[in-house]
Amino acid sequence: MMYVAGIVIALFISALLLVKKEKSRSDKILLGWMILQAIHIAYFYLFHTEELYNFPFLLGMQLPLPLIQGVFLYLYVASMTNQLPKKKSYLALHFIPTIAIYLYMIPFFLLSTEEKIYVFKNDGLGYEIFGAVVMAGTFCSGIIYFIWSSILLQKHKKAILNQFSDTDNISLNWLRLLTYGLGLVWILVIFSQNDIIIFAGASAFVILIGFFGIQQKDIFINSKTIGKPSFQKEEIAAPKIAEGSSDKEKYAKSGL
């Protein structure tokens, strides 16, 4: 049930971001991340219920997805704190491991349906070394991007320390939630071999994002600009004065 809730909330957050007008770069990154979360949890749900075997063309497609989780965390935190590299080519480098894995898996994707199912039902028979390399890369990726994102948060906090506002506090709390929440999920990945526990943690992470995100609406919905009260003096039209009138006559009916 928790997996379904995680998928639904991830899609709900994606819908809120999708309809948001004037989406920032951070909004687009978070949108992509939430879609990834929904797909990732859905894959596990289908695998856990063995429904995935009814869609054999999807087998193996989920394997590199954990590598992108840390990347999206870093990109979102860096974007929100204005610390993204200016050259877009640098950002593409973060996706090279994922692309490399998909390229390596092309021979597997070309296998027949029966062969794919056989490999999966026998714990990756014939791909043991590849699976171990991917697992090690996943561990390293999670640790590196968690530390990297935490460093960006600390730099941002120091930079705004002298000009701290309520808005800055909301942003920092929100980024801490994402960073430390995903960090806890990575702890489960590293120290638990039980996929059910890991994906239950991932689902809980998405549910927390939905709960806290809706509380601070500005993350998902266009914030309304509240105008400050204006204290400008009203200009009072001066009464027309006939030429040749005395000062006393000028102000007789002016109300001054």
Side-chain angles (χ1 to χ4, degrees), residues 2-20 23-41 44 65-84 94 138-139 141-161 163-192 197-223:
M2 181 176 283
Y3 309 128
V4 177
I7 295 167
V8 170
I9 290 176
L11 292 175
F12 177 65
I13 293 171
S14 301
L16 289 179
L17 289 166
L18 198 60
V19 300
K20 181 178 179 180
K23 286 184 280 291
S24 65
R25 181 168 53 184
S26 303
D27 293 331
K28 294 174 183 177
I29 293 172
L30 186 59
L31 172 60
W33 192 12
M34 288 300 101
I35 292 174
L36 173 69
Q37 291 281 17
I39 292 172
H40 202 174
I41 298 172
F44 174 76
L65 295 183
L67 289 170
I68 318 178
Q69 296 285 353
V71 174
F72 269 106
L73 172 65
Y74 159 74
L75 292 177
Y76 186 69
V77 171
S79 178
M80 285 284 285
T81 58
N82 199 29
Q83 298 181 72
L84 269 180
H94 296 279
T138 300
F139 291 162
S141 172
I143 294 169
I144 290 170
Y145 281 108
F146 170 73
I147 294 173
W148 199 349
S149 300
S150 299
I151 291 172
L152 293 182
L153 275 177
Q154 284 301 113
K155 285 183 178 179
H156 180 62
K157 184 176 179 179
K158 289 179 181 178
I160 64 174
L161 197 58
Q163 303 174 10
F164 212 80
S165 66
D166 289 340
T167 303
D168 294 324
N169 194 32
I170 289 173
S171 297
L172 273 176
N173 289 338
W174 171 245
L175 293 175
R176 284 195 194 102
L177 168 70
L178 294 182
T179 303
Y180 300 146
L182 191 61
L184 289 174
V185 173
W186 281 114
I187 289 173
L188 293 176
V189 171
I190 294 170
F191 294 103
S192 174
I197 295 175
I198 293 170
F199 278 89
S203 299
F205 173 61
V206 173
I207 291 169
L208 282 175
I209 291 176
F211 178 76
F212 287 102
I214 297 305
Q215 281 191 325
Q216 46 200 50
K217 304 178 184 66
D218 290 350
I219 303 279
F220 300 112
I221 303 170
N222 297 316
S223 57

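Just so we're clear, the structure is a prediction, and the values are computed from it rather than from any experiment. We're numbering straight along the sequence, starting at 1.
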To the nearest 0.5 angstrom, please state how far the CG atom of Leu17 sits from the CZ atom of Phe12.
10.5 Å
Within the 4.5 Å heavy-atom criterion, are Ile143 and Trp186 side-chain neighbours or not?
no
Among Leu18, Ile29, Ile13, Leu16, exactly one meets side-chain contact (heavy atoms from CB on, under 4.5 Å) together with Met34. Which residue is that?
Ile13
Can you find a pair of side-chain heavy atoms, one from Gln69 and one from Ser141, that are under 4.5 Å apart?
no
Which heavy atom of Leu175 sits nearest to which heavy atom of Thr81, and what is that distance?
CD1-CG2, 3.8 Å
Could you grab the distance from atom CD1 of Ile144 to atom CZ of Phe139, nearest 0.5 Å is fine?
13.5 Å
Heavy-atom closest contact (Ser14 atom, Leu31 atom, distance)
O-CD1, 3.3 Å
Starting at CG of Leu30, measure out to CG of Leu36 and round the result to the nearest 0.5 Å.
11.5 Å
Take Arg25 and Leu84 through the test side-chain contact (heavy atoms from CB on, under 4.5 Å) and record every step on the way to the result.
CA-CA 10 Å; Arg25 181 168 53 184; Leu84 269 180; 3.6 Å; yes
Kindly compute the distance separating NZ (Lys20) from CG (Asp27), expressed to the nearest 0.5 Å.
3.5 Å
Exam field: side chain Ser203 to backbone Phe199, donor-acceptor pair closer than 3.5 Å:
yes
Side chains of Trp148 and Leu73, heavy atoms from C-beta outward: is any pair under 4.5 Å?
no
Would you indicate whether the side-chain heavy atoms of Leu153 and Val77 approach each other to under 4.5 Å?
yes
CD1 of Ile39 to CD of Gln37: how many Å apart, nearest 0.5 Å?
10.5 Å
Heavy-atom closest pair (Leu188 atom, Gly201 atom, distance to 0.1 Å) is CD1-CA, 3.9 Å
Is there side-chain contact between Leu182 and Leu178, with heavy atoms separated by less than 4.5 Å?
no
Exam field: side chain Gln83 to backbone Leu152, donor-acceptor pair closer than 3.5 Å
yes
Look at the aromatic rings of Trp33 and Phe72 and report parallel, tilted or perpendicular, splitting at 30° and 60°.
parallel
If you take all heavy atoms of Thr179 and Ser150, which pair is closest and at what distance?
CG2-OG, 3.7 Å
Here the gap from Ile209 atom CD1 to Ile9 atom CD1, rounded to the nearest 0.5 Å, amounts to 10.0 Å
